[in-house]
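Below is one structure, written out as structure tokens, with a few remarks after it.
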Amino acid sequence: MPGKSELEFDEKKHSRPGIISSVLGVLVLLADVIVLVMAYMQSGQAGKIIGVTGFLAMWVALVGLFYGVRGLRETETKRLFPRLGFWLNLLLLAGFGAIYALGMVM
């Protein structure tokens with residue numbers, strides 16, 4: 001049975017900023033889902049806690065996007081986590097922007 005070193009094709013490691021970006025993106029996604037469900041359950045009349053939580057989640061997504069960019073700039077690292085974190089946080093920020101825009105219209 002071959003050892004681990006015989007199965008790896010490259011020596012690249014996962015990017016630490018990329019992993020941080022991905023984890024932050026997943027946490028923001030969970031927070032966003034919870035906030036949206038709670039706002040829906042209250043017929044859109046959510047309190048300040050829900051609004052502040054959503055606002056903080058947006059800032060965490062910005063930090064996650066920053067770490068995703070840092071991870072993408074690293075050389076000699078695997079690209080999976082930086083790409084995942086970058087796109088997840090970017091889409092979440094776009095979602096926050098859409099929620100804000102819809103709130104301005106209504």
Side-chain angles (χ1 to χ4, degrees):
M1 187 160 186
K4 182 180 177 186
S5 62
E6 294 176 22
L7 294 177
E8 279 197 33
F9 299 108
D10 60 4
E11 296 296 322
K12 292 182 180 181
K13 303 286 183 196
H14 286 289
S15 166
R16 184 175 296 264
I19 293 171
I20 292 170
S21 175
S22 297
V23 169
L24 289 176
V26 170
L27 291 175
V28 170
L29 180 63
L30 291 173
D32 194 26
V33 168
I34 291 169
V35 165
L36 289 174
V37 167
M38 291 178 74
Y40 177 78
M41 290 173 56
Q42 296 178 4
S43 301
Q45 301 301 317
K48 293 178 186 175
I49 300 285
I50 303 286
V52 169
T53 303
F55 187 73
L56 290 175
M58 181 188 69
W59 281 102
V60 172
L62 275 171
V63 172
L65 187 66
F66 169 75
Y67 275 108
V69 170
R70 274 187 58 191
L72 287 171
R73 287 186 175 181
E74 288 183 350
T75 57
E76 300 300 319
T77 58
K78 294 181 181 180
R79 298 287 184 198
L80 173 67
F81 287 114
R83 285 181 181 161
L84 178 67
F86 175 82
W87 286 107
L88 182 59
N89 285 299
L90 188 65
L91 290 173
L92 287 166
L93 284 170
F96 283 120
I99 290 170
Y100 181 74
L102 285 173
M104 294 295 285
V105 173
M106 297 184 154

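All of these numbers come straight from a predicted model, not from anything done at the bench.
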Are F55 and L29 in one and the same hydrophobic cluster, where Ile, Leu, Val, Met, Phe, Trp and Tyr link if side-chain heavy atoms are under 4.5 Å apart? yes
Show me, pair by pair, the donor-acceptor contacts under 3.5 angstrom made by side chains of residues 82-91, not counting sequence neighbours?
from: N89; atom 1: ND2; to: S21; atom 2: O; distance (Å): 3.1
from: N89; atom 1: ND2; to: S21; atom 2: OG; distance (Å): 3.3
from: N89; atom 1: ND2; to: G85; atom 2: O; distance (Å): 2.8

Can you establish whether the number of heavy atoms outside R79 located under 6.0 Å from its atom CZ is more than 12? yes
When clusters are formed by joining ILVMFWY residues with side-chain heavy atoms under 4.5 Å apart, either directly or through shared neighbours, do L92 and L24 land in the same one? yes
Verify the cluster assignment for I99 and M58: are they in a single hydrophobic cluster under the rule of side-chain heavy atoms below 4.5 Å apart? no
Rounded distance (nearest 0.5 Å) linking atom NZ of K12 with atom CG of L80: 12.5 Å
Report, one line per pair, each donor and acceptor closer than 3.5 Å where one atom sits in a side chain of residues 59-75; sequence neighbours left out.
from: E74; atom 1: OE1; to: S15; atom 2: OG; distance (Å): 2.9

Hey, does T53 have a side-chain heavy atom less than 4.5 Å from the side chain of I34? no
Quick one: do I50 and Y100 end up in the same hydrophobic cluster if we chain Ile, Leu, Val, Met, Phe, Trp and Tyr together by side-chain heavy atoms under 4.5 Å apart? no
For the student: nearest non-hydrogen atoms of F96 and A57, plus distance: CZ-CB, 3.8 Å
In the hydrophobic cluster built from side-chain contacts under 4.5 Å, what are the other members alongside I49? none
